[in-house]
Every structure is written in C-alpha cells, then in structure tokens.
Amino acid sequence: MNIHTYEKLWLVGAMLLIVGFIATVTYGAVGVGVTMIDDSEETIDPTQLDEDERFSEPRVEQVGENEYDVYVVARQFMFQPDPIEVPAGSDVTFYVTSADVIHSFSVAGTNVNTMVIPGEVSTMTVEFDEPGEYGIVCNEYCGSGHHAMEAMLIVQPEDEFELEEGEN
Amino acid sequence: MSAYIDDFPEEAAVIRAAFWSSFVALAIGAFFGLIQTLHRTDIVRIFDSTDYYTILTAHGVFMVITFTIFFLVGVFTWAVTTSLDRGVESLRFTWSWYLLMSLGTVFTAIPILAGFVDSIDMSADVLFTFYAPLQAHPLFYIGLTMFVIGTWLAGADWFRSWWAWKSENPSERIPLPTFMVLTTMIMWYIATLGIAVSILAFLLPWSLGLVETVNPLLTRTLFWYFGHPVVYFWLMPAYLMWYTLLPKFAGGRLFSDPLARVVFVLFLLLSTPVGIHHQYLDPGISEGFKFIAMTNTMFLLLPSLLTAFTVVASIEHGARQRGGEGYFAWLGALPWREPAFTGMALAGLMFAAGGFSGMINAGMNINYLIHNTLWVPGHFHLTVGTAVALTFMAGAYWLMPQVTGKPLASKPIALFQTVLWFVGMTFMSNAMHRAGLLGIPRRTAEPQYEGFEFQAAVGSVAELDAQVAIGGTLLFVSAVLFLWNMLITSFNRPTETLPSNVIPEPLSGSDDSPAVLDNLKLWTLIAIVLVVLAYSLPLASIVDRGGLFGPGGDAFPVRLSPTLVAQLLVDTVQEGLR
Amino acid sequence: MRISRGALLVLIAMSVPIVIELRTVASFVGIEVPLSVTLALSLLVVVALVFWATLPPKQEPESTG
Ligand code: HEM
Ligand SMILES: [Cu+2]
Ligand SMILES: [Cu+2]
C-alpha cells in the first residue's frame, strides 16, 4: 500500500494523541482516584422499598467519627429526604435508588452525578470542603413532571452540624 | 456524460421519494426544534411544560431516525447504482423496503403525536431513547421494528447489486462508494441486533402485557449497544459524500483510495464495542467494563482523524488544480460560491469542533461533570445536527438536480442557507455547551428551578438562553429556506445542462490498496468477535444480577392489563386506518 | 474584489464563533467583556472584512468577479 509521508506523520500523531488521552483518563481514574459508579451493591425490588431497611426511611445517618451515610429515594417527581443536610469536611456516602423509573441524582455544576436506575443502587462517596447550598436536579427524563424534580443539599459548617431527632 | 436520471430513471424515482420522506421529517423536526428552543428558554410558550416531552420525543425521532436514515437510503442507492453502473436488481423489491420504512414511520408517529390529544388514550412520551420502565404504546415499538426491517432489506438490495456485479466482474475491486455502503451496512446489521432483541424480546411483549416486568438496566444497555453505532450510521453517508463528492466539487479528486477503505473498515470494527461509554454513570456496570469502553472509544478517534487528513488534502489538491497557491492562500481558490461545496466544508469544520467536545465526553472523569447536561445536545447538534444534517442539505443541492433532471431553484439562497445554518448552530451550540458546564440539564422544559438558581461564570444565564433562542430561530429559518428551495426545484423545468454524474478516480487508486481490505467476510468476523468480547461479560453480569426480566417494578404510565390486549389490537388496527 | 462574494460570506460566518469565544477566553484571564462591546466588536469585524475584501488587489487593475 502506498502511503504518503504526510499521511504517515499524521497517522503517528493521531496514535500518540489517542494513547495520550487514554493515559490521562487512566491517570485520572487510577492515580488521582476519582471513583466511578459501579456494581458494588445488590439489586433491589423497586416496589418493595418500604420493606427495605435502608430505603424505607430515607435519611442521613452517622456511621463513623467523620463518616455519614445518606439513603436517598428518587421517585416521580421528588427526592427523599429533602433537604439533605451534611457536615463539611466529612466523608459522605450516598446510596441512591429509584422507586419507579430511571432518574438521576445530580448536584448541579459538580461531578456528583449518577444515574438512578430502578432495581439498582448507586453509591458514591464525597467530601464537601466548604459549607454551602447546592441544588440537586434529576437530569434524566422521567415523565411529564421531570422539570419539577429537584431538592437541596445543604453542607453545614462542621461545628454547627447536628442530626435532627428521629432522623436516626 | 449524463445526469443520474438519464441513466437510471426508475431508481431516481425511489431516491426522490426517499429524499422527500427525509425532508418532511426535517420540516416537522425543525418546527419542533424551534418550539423547544423558545419554550425551554421561557421566551415564547405555545404548549404546556408537560407537553414539552411529547415535542421532544417527536423532534428526536423525526430528526435522527426519519430525516437521517431516509436520506441515507437515498444516497446509498445513488452511490451503489452509480459506482457499479447498474440499476437495482428488482425495482419492486426496492419500492417494497421504501414502503415498509414509510409505514413504520407512520406507525411510530401515530402514538407520539397522539400524546398531544388527551382524549386519545395513546402516548409514546418516551423520547427517542425509550428507556424502560417508561412505556410507549405498542404501536411505537412495532413501527420502529418495521422501519429497521426496512433498512435491513435496503441493505440486502445493495448486497444483491454487488453480488450480481461481482459475478460479471470477478477480478475487479469493489468500487469505493459501494465498498463504503457495504461496510456501513454490515456495521448496521450487527448494531441493530441490540434493539431488535430489546424490542422483540422485552419491550414489545411487555407493552402488550405478555410479560410483567423488564430489566431496565438490560434494555438500556441493549439500547446503547445500538445507540453508539447508530451515530456512525448517520455519519457514514456524510463521510461517503466527503470522500466522493467534496473533492470533486473542490475541483480535484480523492487523495487516497486505500486510506478511505481502511477508514471504513475501522468504523465497521470499532463502532459497536464502545456503547457502554454512554453508561459511565450507570449503577450495576462495573468500572472495568466502563474502562474498556473508554479505551475502545479513544481508538475510534483514529478513522475520523484520518478522514480529516484525507479530506483536507483532497480539497487542497482541488484548490491547486484550480490555480490556488501558497500555504493558506489556496483556500481562496476554492469554489465558495457553490452551496454544495461550502455547505460540506462548513459541516466538516463544525465536525472538528464537535469531535473536540466529543473527546471530552469520552473521558470518564469529565463525563461526570457534563453527563445529561445541555452540553450533550450542544455536542450532538454539531455532529449529527450539523456535520450530518448540513452535509445532507449541501449534498441535496447537487443530488436533487441529478435525480429530478431539474436545475436548483436558487443558488444564492442555497449558499446563504448553508452559511445561516453554520451561524445559527454556532450560537445555539456554544450556549448549550456553556450552560451544560453550569449544570443545566438537558431534556427539561424549564430554564430554572424553584429552590436554587444556576449562576453563570461569564455573562448571565439569561444571555445564554437568549443565545440558544437566537440560534434556534436562525436554524429554523435556514431549514425553511432549504425546504423551499427543494420544493421550487421540484417544480422547475427540466434542463439538459446538468453536470454529469461521475465520481472521479482517486489520485492513488484501488490498485494501491491491499486486496485483503475487500475481504468483507474477514472484517465481519473480526467485528463480531470484538462485539462478543466487549459485550458478553457486561450483559451476563447484568442478567446475573437483576435477572432477564429485572428485580421487579411497574410500567409508567400504567396503562394496560393483559386482558386488554385483544381490545388493544382492535384499537390499533382502527387507529392505523385513521 | 479580492475574494469572491461567496468566500466573503464564509469569512464573515467564521468570524462569529471567534468573536463569541473571545468573550469566554477573555474571562479565563479575568477580563469581563460586556455584551455591548462584543456586539460592537463583531460589527467592526464585519465592516473590516467587507472593506478588506472590496479593496482592489495589489498591482492588478480592478476587476469585478
Ligand atoms: C431547526 C434546527 C434545530 C433546532 C432549533 C433544535 C433544537 C433542539 C433543542 C433546543 C434541543 C434540546 C432540548 C432539551 O434537551 O431540552 C434538541 C434536542 C435534540 N435534537 Fe435538535 N434542533 C435542531 C435540529 C436538529 C437536527 C438537524 C438533529 C439531527 C439530525 C437534531 C437532533 C436532536 C436530538 C437527537 C435531540 C435530543 C432529543 C432528546 O433529548 O431526546 N436536532 N434540539
Ligand atoms: Cu427526571
Ligand atoms: Cu457514543
């Protein structure tokens, strides 16, 4: 096959670019340790969330000194609990599942973003450095009220944070 | 030296029909596109926000299924008949797949559009991705199936032509345009298996009430098994025109036949085993599978980068043939007054921008920031919405006269139209990308939420909204100008002075390409092996975790019970006759 | 005309993304360009392009194309 010199150069350049991309993404995933949504949780029957120990009562729960678990249920067209209050500077692990159709759980403008698929549980651990308020939106179309599906995430200053009675 | 219609009058009629089906879809789609841009920016509202999703479903389906694929079958029929220099084997067969595709479109459209009428208990507000457990009326799935089977038969038609030609020309290389069509169709057969299984084994029986539940992750994964290669199915006819027509318009010829073949083989091999890159954020799929999809995706950049080289080199060659000189000055020697050339060149340029934002999407980490935000429609309106759509419109300025025998109604308006599309898309897509970075979701009817506000880093959200609305309006005007031009062209008086329908031989011809490139059986086999490698474990793991029919759950909207099925079939027939 | 009218139209179109992105890029380095300035700038670019394109080419006598 007759390949022009410039073609060869371009080909080599293209391959370098591709390998470079893969290396960068790999570094991001492995080196920096950005964790991804995976298959670590068991499946669950979306119609039986009432019976489930974690999701019958969506809540924030303290599980260690600086560790919190948040159990979130997404359903047409809301998130529970709402608002979600967590302290700054702690490891917060979200467990999110759906009671009906596919939704998402997305903290607007951040990379805290996951699909919420009925039958599956998404988990992710996040540390919020600064106190503040964030909007949570569902960014997967889930029915005619999709645009009304929102909630608030309130990151409290560490020393002011207190779990509400009955939430635990 | 004659126009296409002089050599193949009957095939030209089929191509005209396919083009018009495509243009009608474009007309409806563009109208809905305009409504969307004005609605979601809260500038003009004709519909309720709850109806937004009916509109969006129609826009998605009419644009990326009907508009693109009907145009594709027209172009492919033109490419195969022209390059083999023989008509189709059986016109009856050709018309029958066209009719099946048309009927499928009508069947799909009925339940979508019925969503506007509350008194009809029928809807398909599921968007073009139709993720279960959102459920559409069975007619929606039936229509899609018929449409896809129509495309399968179209592929069979082109293979028949090639086999017949081969038996008469046993020692010749497959002509390049036909080679492109055949490799694309093999990719399509492999890719559509995904939704064929998803619809026939799960969604259709489920919508008919024959099975109680489906596994939402499984049907979603099967959708994306199809959903990535379909992107290349839209793109390949555009590539075919960039490789065959664009160099000709520029005044030259394609740079390299072998490289073109390599590119199409790479697309055949790599298009399918990457679909999981649309599911980076899905629970129930392990990180490892996502990683493999990411790596494959990056390699899929290669054929597009090669195309960029070949196309630019061919255009430059054309410009120099026309007397162009210098490092950059040759650009001035190109036929910028020709709408077919300028449209394709601008489409290619936008594809470069779209490719760039696509590389960002493909990176798993950044994907978490922009997944399902407006960034994503911003990206694919550059790719399918411009690289493909604008190339098709530009191509039509040359092809329509070929298949009608009538000269283009207005060249200046055509030129203005292509440039207007480019400008409109610049506005709309730029603003969508930026809005996406702020976290503004796609597929939503409202510009803001109640509990909080999106804040722009530069300018304001209102400015971005205005930019989307201006861009969308320009695009709509551009689409109207295009359709008007096509309509008037159809009523023009036939002329004898059309350019002849020849595709110039490449500079470095097919003698230079290794024979193994034409071994379609080999490439098909490798493609299948790659797909099996990429998908067997993820699918097995999904089924193992959730079962074939999922861990339970209801359908939404809740509508049918098994006892209603008989009633439903009657309704369906009646509705179909209406 | 230095370039054909078609080429001029394309050049003007290409200037649109550049002017739009300029504003974004400027904000990266901390310069906030107001909308009105962007609009004025784009007008200026268009006028400059038209002016340049309609200038007679060097040396050769004016020819219209
Ligand atoms: C008149 C020109 C067009 C306008 C004004 C327009 C406008 C829009 C807008 C505003 C959206 C985003 C809606 C949302 O996410 O809320 C959208 C979505 C979309 N557009 Fe377009 N568009 C146009 C042309 C096209 C073309 C030519 C194609 C493809 C060939 C296309 C394919 C799509 C698809 C696939 C979606 C996504 C639908 C979904 O999310 O389910 N559009 N369009
Ligand atoms: Cu939603
Ligand atoms: Cu993809």
Side-chain angles (χ1 to χ4, degrees), chain B residues 249 319 322 324 328-347 349-350 352-353 356 382 386 390 411-431 433-434 437 456-460 462-464 466-467 470-471 474 478, chain C:
Chain B
F249 297 154
R322 299 167 60 98
F328 291 108
W330 56 268
L331 284 166
L334 289 168
W336 293 111
R337 288 183 161 197
E338 290 299 320
F341 173 82
T342 303
M344 286 193 198
L346 291 177
L349 196 71
M350 280 224 142
F356 186 72
L382 292 179
T386 301
L390 186 53
K411 239 184 202 185
I413 293 184
L415 181 67
F416 178 70
Q417 183 270 324
T418 55
V419 174
L420 190 62
W421 190 277
F422 178 87
V423 173
M425 198 54 91
T426 302
F427 277 110
M428 187 169 95
S429 166
N430 172 280
H433 276 96
R434 282 165 56 194
L437 288 176
V458 190
S460 65
E463 258 170 52
L464 290 180
Q467 209 179 308
I470 294 172
L474 296 183
S478 175
Chain C
M1 293 275 291
R2 273 170 184 245
I3 51 172
S4 75
R5 271 190 245 159
L8 174 61
L9 189 63
V10 171
L11 268 184
I12 293 177
M14 304 265 208
S15 72
V16 175
I18 296 176
V19 173
I20 293 184
E21 292 301 348
L22 207 63
R23 188 152 175 256
T24 319
V25 172
S27 77
F28 289 155
V29 289
I31 307 169
E32 295 280 326
V33 186
L35 195 61
S36 51
V37 174
T38 309
L39 286 177
L41 188 68
S42 50
L43 204 70
L44 203 73
V45 170
V46 172
V47 171
L49 279 174
V50 173
F51 183 71
W52 172 80
T54 46
L55 274 185
K58 282 171 238 151
Q59 290 136 14
E60 289 159 55
E62 184 166 356
S63 65
T64 33

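Below, read A as the first sequence line, B as the second, and so on, with proteins coming before strands; counting in each chain starts at 1.
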Heavy-atom closest pair, residues A13(C) and F422(B)
O-CE2, 3.5 Å
Would you call F427(B) and V16(C) a side-chain contact if the rule is heavy atoms closer than 4.5 Å?
yes
Which heavy atom of G424(B) sits nearest to which heavy atom of L474(B), and what is that distance?
CA-CB, 3.8 Å
So which part of L35(C) gets closer than 4.5 Å to some heavy atom of chain B, the side chain, the backbone, both or neither?
side chain
At a 4.5 Å cut-off on heavy atoms, which part of L334(B) comes close to chain C: side chain, backbone, both, or neither?
neither
Residue L346(B) versus chain C: region with a heavy atom under 4.5 Å
side chain
Hey, which of N430(B), L331(B), L415(B) has the most heavy atom pairs under 4.5 Å with chain C?
N430(B)
Look at the side chain of S478(B) and the backbone N and O of Q417(B), then say whether any donor-acceptor pair between them is shorter than 3.5 Å.
yes
Under the side-chain contact (heavy atoms from CB on, under 4.5 Å) criterion, do L11(C) and I3(C) qualify, and how do the steps go?
CA-CA 10 Å; L11(C) 268 184; I3(C) 51 172; 3.7 Å; yes
Under a 4.5 Å heavy-atom cut-off, does chain C meet the side chain of Q467(B), its backbone, both or neither?
side chain
